[in-house]
Amino acid sequence: MNKKELIVAAAAASGLSQKDVEKALKALNEVVVAEVAKKGKVQLIGFGTFEARERAARTGKNPQTGAAIKIAAATVPAFKAGKAFKEAVNAKPAKKAKAKKAKK
């Protein structure tokens, strides 16, 4: 699903106009990015948490030459899915009752 499809689906589910959903999505994106950039956390109960994580410096390998290279430490954005989100993704579909075959 791309951004446009998300906007259409959210508009249909919420009853809001696509323009309003697009504004809300843009505002949400800006707020999350700004907060994580400040090394803060955005926690949406049931959905997940956006946060900044520190990645330590490490030694890597140049795939072309095989030479060792130093990779600098960095701060990277991360998302951890919430319990309800994980359960929804891992939910098993209900089993359909099998029709018993009549014995002759």
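- In this structure, E22 CD and L16 CG are separated by 13.0 Å, a value rounded to the nearest 0.5 Å.
- A continuous path of ILVMFWY side-chain contacts below 4.5 Å connects L28 to F79, so both sit in one hydrophobic cluster.
- Summarising the geometry of M1 relative to A9, their closest heavy-atom pair is CE-CB, 4.2 Å, with the distance given to 0.1 Å.
- The hydrophobic cluster containing V32 also contains L44, counting ILVMFWY residues as joined when their side-chain heavy atoms lie under 4.5 angstrom apart, directly or transitively.
- Residues V36 and A52 share a closest heavy-atom pair of O-CB, 3.6 Å.
- Contact between V76 and R55 at its shortest, heavy atoms only, is CG1-NH2, 2.8 Å.
- By the 4.0 Å N-to-carboxylate-O rule, E35 lies close enough to K38 to be salt-bridged with it.
- For the atom pair CG (L6) and CD (Q18), the distance works out to 11.0 Å, reported to the nearest 0.5 Å.
- Salt-bridge annotation for K3 and E5: absent, with no side-chain N of the basic residue lying under 4.0 Å from a carboxylate O of the acidic one.
- Shown here is R53, whose CZ atom has more than 12 heavy atoms of other residues, nucleotides or ligands within 6.0 Å.
- Counting heavy atoms from C-beta outward, T59 and I71 have side chains that stay 4.5 Å or more apart.
- In this structure, F85 and F47 have parallel ring planes: the angle between them is below the 30° cut-off, well short of the 60° mark.
- Considering every non-hydrogen atom in both G46 and A84, the closest pair reads O-CB, 3.4 Å.
- Taking each heavy atom of K61 and I69 in turn, the nearest pair found is N-CG1, 4.1 Å.
- Closest approach of Q43 to T49, counting heavy atoms only: CG-OG1, 3.5 Å.
- Cluster membership for F50 and V89, using ILVMFWY side-chain heavy atoms within less than 4.5 angstrom, is shared.
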